[in-house]
Amino acid sequence: MSAVPSRDPGVTRVEKFFREFFYGTSEFGMRAQYLMLALDVVIVLYFVVSTFWGYNKDIILFTDRVIGLILIIELSGRLIADEDRIGFLSKPLTLLDIAIIISLFLPEQLGNFMFLRVVRALRIFRSYYVTRRLRQHFKFFARNDEIIFSTLNLLVFIFVVTAFVFVWQQEVNDSINNYIDALYFTITTLTTTGFGDVTLVGAEGRLLAILIMVVGVALFLRLVQTVFRPSKVRYECPRCGLTRHELDAVHCKHCGRELHIRTEGIG
């Protein structure tokens with residue numbers, strides 16, 4: 001877990017500032033966290049949308065460097081705020097951010113602009129962190145967390161798989177010329193429509209198509225189940241451990257124990 005503001009007298013003023021900025025509960029801390037939430041959303045959307053753009057436009061290269069500088073500042077602040085800095089640097093999201101920052105500043109040295117765009121767009125995984133933070137701050141996200149996470153799981157899967165389809169196939173497959181082609185194939189395969197006008201070549205392509213059908217269909221069905229299933233609330237029964245109950249439940253339907261679920265009276 002990331003650090004929270006500490007009362008340790010050995011903590012420097014800089015550390016206190018960043019801990020309050022990223023994890024504090026004061027008015028300043030809450031506003032700062034809303035700002036960071038908005039920033040995360042904008043950066044994720046930029047990286048996702050920019051995968052459909054060209055790769056040599058000056059404005060994109062300039063924007064990449066600006067975002068790279070912002071990410072360096074954010075990452076440095078989180079590092080200072082975290083009590084376990086070695087652990088922070090070993091987190092998957094941190095390592096991904098470091099890789100993205102390097103790709104933003106050294107695209108010519110790393111080459112393969114298309115692959116770099118995919119790496120940067122993987123920051124979409126950050127959307128899980130953003131959603132968890134939104135659930136803490138807004139009742140709407142807390143009430144609909146299952147639907148939101150099921151939708152997010154499906155969208156992240158579609159985008160990541162589309163990225164891999166494009167990178168693996170664009171040089172060997174005449175049917176895959178851009179991200180739209182890859183996205184089209186992913187959607188038609190996931191929905192089992194399978195028009196057949198775009199197919200993957202090679203053993204790797206067939207294995208990827210199987211993965212899309214198996215995992216993608218399962219995620220889609222999970223989303224449908226979440227949307228149409230009667231709304232329930234998460235509350236662990238002290239006796240039997242059942243964690244899902246009706247919104248207006250007074251007793252656990254599994255063991256009969258009286259429950260004390262906090263509710264706003266929504267039927």
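Residues take their numbers from the sequence shown, with the count starting at 1. What's counted below: heavy atoms across the whole structure, side chains too, no hydrogens, waters or symmetry copies.
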- Note on the structure: Minimal heavy-atom distance between Thr188 and Thr191, with the atoms involved, is O-OG1, 3.3 Å
- Which atom pair, heavy atoms only, marks the closest approach of Val198 to Phe185? O-CD1, 3.3 Å
- Message: Return the CD1 to OG distance between Ile98 and Ser103, rounded to the nearest 0.5 Å.
- Response: 12.0 Å
- Quick check: are there more than 12 heavy atoms from other residues, nucleotides or ligands sitting under 6.0 Å from CZ of Phe220? no
- Message: Count I, L, V, M, F, W, Y as connected when their side-chain heavy atoms are under 4.5 Å apart, and connections chain through other members. Are Leu95 and Leu89 then in the same cluster?
- Response: no
- Task: Consider only side-chain heavy atoms of I, L, V, M, F, W and Y, link residues closer than 4.5 Å, and tell whether Phe164 and Val172 are in one cluster.
- Result: no
- Message: Using a 3.5 Å distance criterion without hydrogens, assess whether the side chain of Glu204 forms a donor-acceptor pair with backbone atoms of Trp168.
- Response: no
- Item | Side-chain heavy-atom pair Arg257, Pro238 within 4.5 angstrom cut-off | yes
Throw together a table of side-chain donor-acceptor distances under 3.5 angstrom for residues 153-160, partners on residues two or more places apart or in other chains.
from   : atom 1 : to     : atom 2 : distance (Å)
Asn153 : OD1    : Tyr128 : OH     : 2.7
Asn153 : ND2    : Phe149 : O      : 3.2

- Short side-chain to backbone donor-acceptor contact, Glu236 and Leu242, under 3.5 Å: no
- Task: Flag yes if Leu104 and Phe62 sit in one hydrophobic cluster, no otherwise; membership is Ile, Leu, Val, Met, Phe, Trp, Tyr, and two members link when side-chain heavy atoms are under 4.5 Å apart.
- Result: yes
- Interatomic spacing from CG in Asp181 to CD1 in Ile176 - rounded to 0.5 Å: 5.5 Å
- Pairwise side-chain contact, Ser26 with Glu20, heavy-atom cut-off 4.5 Å (strictly under): yes
- From CA spacing to verdict: side chain to side chain contact (heavy atoms under 4.5 Å, CB included), Lys91, Asp82: CA-CA 12 Å; Lys91 291 179 180 179; Asp82 207 297; 4.0 Å; yes
- Query: Roughly how far apart are Ile70 CD1 and Leu75 CG, rounded to 0.5 Å?
  - Reply: 13.5 Å
- Using a strict 4.0 Å threshold on nitrogen-to-oxygen distance, state whether Arg85 and Glu15 make a salt bridge. yes
- Within one Ile-Leu-Val-Met-Phe-Trp-Tyr cluster: Phe105 and Leu96, side-chain cutoff 4.5 Å: yes
- Message: With rounding to the nearest 0.5 angstrom, report the CG to CD1 distance, Leu39 to Ile67.
- Response: 8.5 Å
- Task: Write down the atom of Leu200, the atom of Gln169, and the distance for their closest heavy-atom approach.
- Result: CA-OE1, 3.5 Å
- Item | Where Leu183 and Thr162 come nearest, the two heavy atoms and their spacing | N-CG2, 3.4 Å
- Hey, can you tell me if Phe18 and Phe22 have their rings parallel, tilted or perpendicular (30° and 60° cut-offs)? parallel
- Is Asn173 reaching over with its side chain to a backbone N or O of Thr199, donor-acceptor style, under 3.5 angstrom? yes
- Given side chain to side chain contact (heavy atoms under 4.5 Å, CB included), test Val250 with Leu259 step by step and report yes or no. CA-CA 5 Å; Val250 177; Leu259 303 175; over 6 Å; no
- To the nearest 0.5 Å, atom CG of Leu93 lies from atom CD1 of Ile100 at 9.0 Å
- Note on the structure: Rounding to 0.5 Å, atoms CD1 (Ile43) and CG (Asp97) come to a distance of 8.5 Å
- Query: Does a side-chain N-to-carboxylate-O contact under 4.0 Å join Arg78 and Glu74?
  - Reply: yes
- Message: With a 3.5 Å distance limit and no angle check, can you tell me whether Thr189 reaches the backbone of Thr186 through a side-chain donor-acceptor pair?
- Response: no
- Query: Any sub-3.5 Å donor-acceptor pair from Ser150's side-chain atoms to Ile147's backbone N or O?
  - Reply: no
- Task: Step by step, work out the side chain to side chain contact (heavy atoms under 4.5 Å, CB included) result for Val215 and Leu190.
- Result: CA-CA 9 Å; Val215 179; Leu190 185 149; over 6 Å; no
- Query: Side-chain heavy atoms under 4.5 angstrom apart, residues restricted to Ile, Leu, Val, Met, Phe, Trp, Tyr: same cluster for Val201 and Leu211?
  - Reply: no
- Those residues that, when tested against Leu35, pass side chain to side chain contact (heavy atoms under 4.5 Å, CB included) (two or more places apart): none
